[in-house]
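Input: a single structure, listed below in structure tokens.
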Amino acid sequence: MRPTVYHIPICPFCQRLEILLELKGLAHAVNFEVVDVTVPRSPHILQLTGGTTALPVMEIEPGVGLKESLRLMHVIEERFPDPHVQRLDSVERAAEARLVALEPGFVAAGYRLVMNRDPARRDDLVAEYLDGYVALDALLREFSRGSGPWLFDRFGWAETVFTPFFQRFVFVAYYEGVDLPAD
């Protein structure tokens, strides 16, 4: 049975899975079912998610679901190991893990800034948002070894995790007037 992923195509967490499968040349290996966000979740999806509305959720066998995009990425990487997207070298994989560990705080800072309605908090939220980029930049500089724009020699695991959010956070410049420093 091919796994089925219930998703929302514009959701950055869902997009991670699509990116990963494309990198592996396996877009066909998983069935994607679009979830209509304008109606309540179906009983089937609620069963798969344990009653939450969180997506994506992957039905790995009939009635058995797994959720949370990073976990699902690991499942895909293990079930379809060739080609590997996650680094095979343990030191490089540890560097990927360090970068990916920054994701929750980075994403939260970006959304907190955009959703803020308190002008008195804006400067602190801008600083927190920019600090997230500083932390990412520091790790990229430490581990990339001049290999270009990626953590290593190619677009890989960490890039798959962050790319949907880099695309989203373009709106921070537009809506909040916050641009990244040139350096």
Side-chain angles (χ1 to χ4, degrees), residues 1-35 44-45 48-50 52 54-111 132-171 180:
M1 170 189 157
R2 283 184 6 190
T4 298
V5 174
Y6 296 92
H7 75 127
I8 302 166
I10 63 167
C11 168
F13 298 102
C14 297
Q15 288 172 340
R16 288 175 172 169
L17 304 183
E18 294 176 50
I19 294 168
L20 181 62
L21 289 165
E22 284 293 330
L23 288 173
K24 293 176 144 310
L26 294 170
H28 65 281
V30 172
N31 296 320
F32 280 95
E33 295 286 332
V34 175
V35 175
H44 180 67
I45 292 174
L48 294 174
T49 63
T52 72
L55 294 176
V57 63
M58 180 187 292
E59 188 170 14
I60 57 172
E61 57 185 65
V64 178
L66 295 173
K67 60 184 180 178
E68 298 190 17
S69 62
L70 291 176
R71 280 193 198 129
L72 296 177
M73 286 177 62
H74 285 286
V75 168
I76 291 168
E77 185 76 354
E78 289 174 13
R79 286 192 170 198
F80 306 104
D82 295 315
H84 282 276
V85 173
Q86 197 171 31
R87 302 304 282 200
L88 294 176
D89 177 83
S90 61
V91 173
E92 291 178 347
R93 197 165 43 235
E96 283 176 332
R98 282 187 60 196
L99 198 61
V100 169
L102 297 176
E103 178 267 341
F106 174 79
V107 169
Y111 282 118
Y133 277 102
V134 168
L136 290 172
D137 185 59
L139 281 178
L140 286 170
R141 289 176 190 269
E142 180 181 349
F143 292 108
S144 71
R145 299 182 188 109
S147 62
W150 320 121
L151 178 58
F152 298 110
D153 59 336
R154 61 178 164 75
F155 187 100
W157 189 263
E159 293 80 6
T160 298
V161 169
F162 281 95
T163 292
F165 294 100
F166 291 152
Q167 291 176 318
R168 294 293 171 303
F169 289 167
V170 167
F171 61 65
L180 297 179

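- At least one side-chain heavy atom of Trp157 sits under 4.5 Å from a side-chain heavy atom of Met73.
- The side-chain heavy atoms of Val30 and Leu17, taken from C-beta on, include no pair separated by under 4.5 Å.
- In this structure, OH on Tyr6 lies 8.5 Å from CG on Asn31, to the nearest 0.5 angstrom.
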(request) Would you check, one step at a time, whether the test side-chain contact (heavy atoms from CB on, under 4.5 Å) holds for Leu136 with Phe162? (result) CA-CA 10 Å; Leu136 290 172; Phe162 281 95; 3.5 Å; yes

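- A salt bridge between Arg154 and Glu159 is absent, with no side-chain N of the basic residue lying under 4.0 Å from a carboxylate O of the acidic one.
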(request) Show your working on side-chain contact (heavy atoms from CB on, under 4.5 Å) between Leu21 and Phe32 and close with a plain yes or no. (result) CA-CA 11 Å; Leu21 289 165; Phe32 280 95; 3.6 Å; yes

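- By the 4.5 Å heavy-atom criterion applied to side chains, Lys24 and Pro83 are counted as neighbours.
- Put simply, the side chain of Glu33 does not reach to within 4.5 Å of the side chain of Glu59, judged on heavy atoms.
- Atom OG of Ser69 and atom NE2 of His74 lie 10.0 Å apart (nearest 0.5 Å).
- Counting non-hydrogen atoms of neighbouring residues, nucleotides and ligands closer than 6.0 angstrom, the CZ atom of Arg93 exceeds 12 such neighbours.
- Among all heavy-atom pairs drawn from Phe152 and Phe143, the shortest one is CE2-O, 4.0 Å.
- Across Leu72, Leu55, Thr52, a single residue satisfies side chain to side chain contact (heavy atoms under 4.5 Å, CB included) together with Lys67, and that is Thr52.
- In this structure, Phe13 and Phe165 have perpendicular ring planes: the angle between them is above 60°, well past the 30° mark.
- With values rounded to the nearest 0.5 angstrom, Leu66 atom CG is found 12.0 Å from Thr49 atom OG1.
- Taking both residues in full, the closest heavy atoms of Asp89 and Val91 are given as OD2-N, 3.0 Å, listed atom of the first, atom of the second, then distance.
- Under the 4.5 Å side-chain criterion, counting only non-hydrogen atoms from C-beta, Pro164 is in contact with Ile19.
- Of the charged side-chain nitrogens involved, at least one lies within less than 4.0 Å of a carboxylate oxygen, so that Arg141 and Asp137 count as a salt-bridged pair.
- Applying the side-chain contact (heavy atoms from CB on, under 4.5 Å) test to Val64 and every residue at least two apart in sequence or in another chain returns Ile60, Glu61.
- Side-chain atoms of Gln15 and His7 form no donor-acceptor pair, as typed in the model, at a separation below 3.5 Å.
- Residues Met58 and Ile76 are in side-chain contact: their nearest non-hydrogen atoms beyond the backbone lie under 4.5 Å apart.
- Considering every non-hydrogen atom in both Arg87 and Asp153, the closest pair reads NH1-OD1, 2.8 Å.
- To the nearest 0.5 Å, atoms CG (Leu139) and OG (Ser144) are separated by 10.5 Å.
- The closest side-chain heavy-atom distance from Leu140 to Trp150 is not below 4.5 Å.
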Taking only distance into account, with no hydrogens and no angle test, what donor-acceptor pairs under 3.5 Å do side-chain atoms of residues 97-109 form with protein atoms, sequence neighbours excluded?
from   : atom 1 : to    : atom 2 : distance (Å)
Glu103 : OE2    : Arg16 : NH2    : 2.9

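- Within the 4.5 Å cutoff, the side chain of Glu77 has heavy atoms near those of the Leu20 side chain.
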